[in-house]
Amino acid sequence: MWESICLTLMATAGNNIGKVLQKKGTVILPPLSFKLKVISAYISNKLWVVGFLMDISGAILMLRALSQAPVSVIQPVSGCGLAILCVFSHFYLKEVMNALDWVGIALAGAGTIGVGFGGEEQNGSIVSLVHLPLMGFSVALLFALLDTWLRIYKRRRQDQELMHSEVIEEIIFGLESGILFGMASVISKMGFVFSEQGFSKIMVPICISISICCSATGFVYQTRGLKHGRAIVVSTCAAVASIVTGVLAGMLALGEHMPTSPVARVTLLLGWLFIILGVILLVSSTRLMALLPRPIRRHLRSNLEKNQNLRRSGSVRAKDPSPSAVIQASTLHHLVTSPAKEKA
């Protein structure tokens with residue numbers, strides 16, 4: 001179990017950090033196309049190549065982790081990718097983090113440990129052919145309800161001639177994308193379980209192909225939400241929905257179960273809860289800091305400035321890092337959750 005959790009952490013770190021490095025590399029590159037000059041420019045860009053290889057390696061490691069452990073364990077742990085990215089941005093990209101960011105990282109780390117201890121009793125998964133149609137019907141019904149809800153609000157917004165999207169639209173797009181991301185992991189795991197149950201080996205690439213389609217569709221829904229909505233709301237809803245969908249679908253369709261031991265069950269539930277809370281804090285820490293009482297904010301900011309001064313005084317570098325080597329905190333989460341959008 002712990003080997004699979006470590007693989008998941010490495011995979012999600014590769015995915016998140018790789019996307020940021022690709023985004024940074026494309027700043028000086030033209031929009032991606034099939035022209036030979038453009039392709040050669042991307043290949044010759046070391047930062048983009050490193051990010052691309054990390055992203056691909058992360059996807060391979062995630063498949064390896066899904067083949068070894070229940071998706072109800074792997075999917076929540078994958079939500080810790082944002083915490084790993086924040087640590088990477090702090091130490092490598094010299095990004096400033098506030099107190100709530102560190103609390104979120106601590107919660108995500110504690111949740112990962114809890115999931116590891118609580119999930120040790122789960123030995124294997126069995127695809128329930130009876131529950132598969134029920135799962136598919138449930139997802140289709142949920143999407144139908146969300147789309148109906150979205151149409152109602154869009155119609156009301158048009159009637160009232162409102163130009164800006166409402167928060168409910170951001171929530172719906174975030175939930176829909178998160179559900180698809182969670183289902184992508186479940187479907188990938190399903191291919192490995194089918195193979196273990198004696199079905200044809202071709203089920204593995206078939207399920208992985210369907211999983212890729214689900215992920216691609218999820219990015220489309222997420223892009224819709226990010227286009228006119230706020231990244232904080234869309235990203236938070238997507239992350240939470242992905243974790244909840246992975247856990248529920250894994251238990252419904254793959255026969256995964258809660259631990260029989262009360263201590264292990266409580267540990268697993270607390271692990272899920274801590275990871276979700278940690279992700280929410282990491283995504284919305286800036287806004288939450290603004291809601292804190294002014295004395296607390298001043299105290300936290302003074303401590304943060306002291307830490308910054310200590311880091312600067314202890315630095316042996318002769319000059320500040322190049323502006324192109326730093327990603328601002330307000331855009332870091334958006335870079336990860338939004339698809340790469342290159343500039344000429």
Side-chain angles (χ1 to χ4, degrees), residues 1-12 61-84 103-132 134-139 142 175 178-179 181-194 196-197 236-283:
M1 182 63 65
W2 287 107
E3 179 185 354
S4 301
I5 289 178
C6 291
L7 286 174
T8 305
L9 292 174
M10 293 170 60
T12 189
L61 289 174
M62 183 64 72
L63 290 176
R64 178 63 178 171
L66 284 169
S67 68
Q68 295 180 350
V71 70
S72 58
V73 171
I74 298 301
Q75 191 63 23
V77 173
S78 67
C80 297
L82 188 56
I84 298 173
V103 173
I105 291 172
L107 285 173
T112 301
I113 296 174
V115 169
F117 279 112
E120 283 187 335
E121 289 190 11
Q122 300 196 31
N123 296 321
S125 303
I126 300 176
V127 175
S128 175
L129 298 179
V130 178
H131 291 162
L132 282 181
L134 177 60
M135 183 187 70
F137 175 77
S138 301
V139 173
L142 183 58
L175 291 176
I179 291 171
F181 293 148
M183 289 303 301
S185 297
V186 174
I187 294 173
S188 295
K189 176 66 176 180
M190 201 176 295
F192 296 110
V193 176
F194 273 132
E196 293 173 0
Q197 290 183 218
T236 303
C237 292
V240 174
S242 174
I243 293 173
V244 174
T245 301
V247 171
L248 294 180
M251 291 183 173
L252 177 65
L254 301 177
E256 298 174 1
H257 56 82
M258 293 290 292
T260 55
S261 169
V263 176
R265 189 183 302 123
V266 172
T267 303
L268 184 62
L269 290 174
L270 287 177
W272 290 340
L273 178 62
F274 284 174
I275 291 174
I276 292 175
L277 291 177
V279 169
I280 293 175
L281 277 180
L282 287 169
V283 174

With a 6.0 Å cut-off (strictly less than), is the heavy-atom count around CE of Met135, excluding the residue itself, greater than 12?
yes

Output the distance between atom [atom1] ([X]) and atom [atom2] ([Y]), rounded to the nearest 0.5 Å.
X: Leu63; Y: Ser185; atom1: CG; atom2: OG; result: 9.0 Å
X: Ser4; Y: Leu61; atom1: OG; atom2: CG; result: 11.5 Å
X: Leu270; Y: Arg265; atom1: CG; atom2: CZ; result: 12.5 Å
X: Ile74; Y: Leu66; atom1: CD1; atom2: CG; result: 6.0 Å
X: Met62; Y: Lys189; atom1: CE; atom2: NZ; result: 13.0 Å
X: Leu142; Y: Ile179; atom1: CG; atom2: CD1; result: 4.0 Å

Do you know which two heavy atoms are closest between [X] and [Y], and how far apart they sit?
X: Gly250; Y: Val186; answer: N-CG2, 4.2 Å
X: Gly79; Y: Ile243; answer: CA-CD1, 4.5 Å
X: Thr267; Y: Val263; answer: OG1-O, 2.7 Å
X: Trp272; Y: Met251; answer: CH2-CE, 3.4 Å
X: Gly111; Y: Phe274; answer: CA-CB, 3.7 Å
X: Ser72; Y: Val247; answer: O-CG2, 3.9 Å

Using side-chain contact (heavy atoms from CB on, under 4.5 Å), reason through Arg64 and Ser67 one step at a time and then give a plain yes or no.
CA-CA 5 Å; Arg64 178 63 178 171; Ser67 68; 4.1 Å; yes

Using the side chain to side chain contact (heavy atoms under 4.5 Å, CB included) criterion, which residues pair with Val279? Sequence neighbours excluded.
Ala239, Ile275, Val283

Backbone of Ala108 reached by a side-chain donor or acceptor of Thr112 within 3.5 Å:
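Flag set: sc Thr112 to bb Ala108 pair under 3.5 Å.
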
Check: Ala184 main-chain N/O paired with Ser188 side-chain donor or acceptor under 3.5 Å
yes

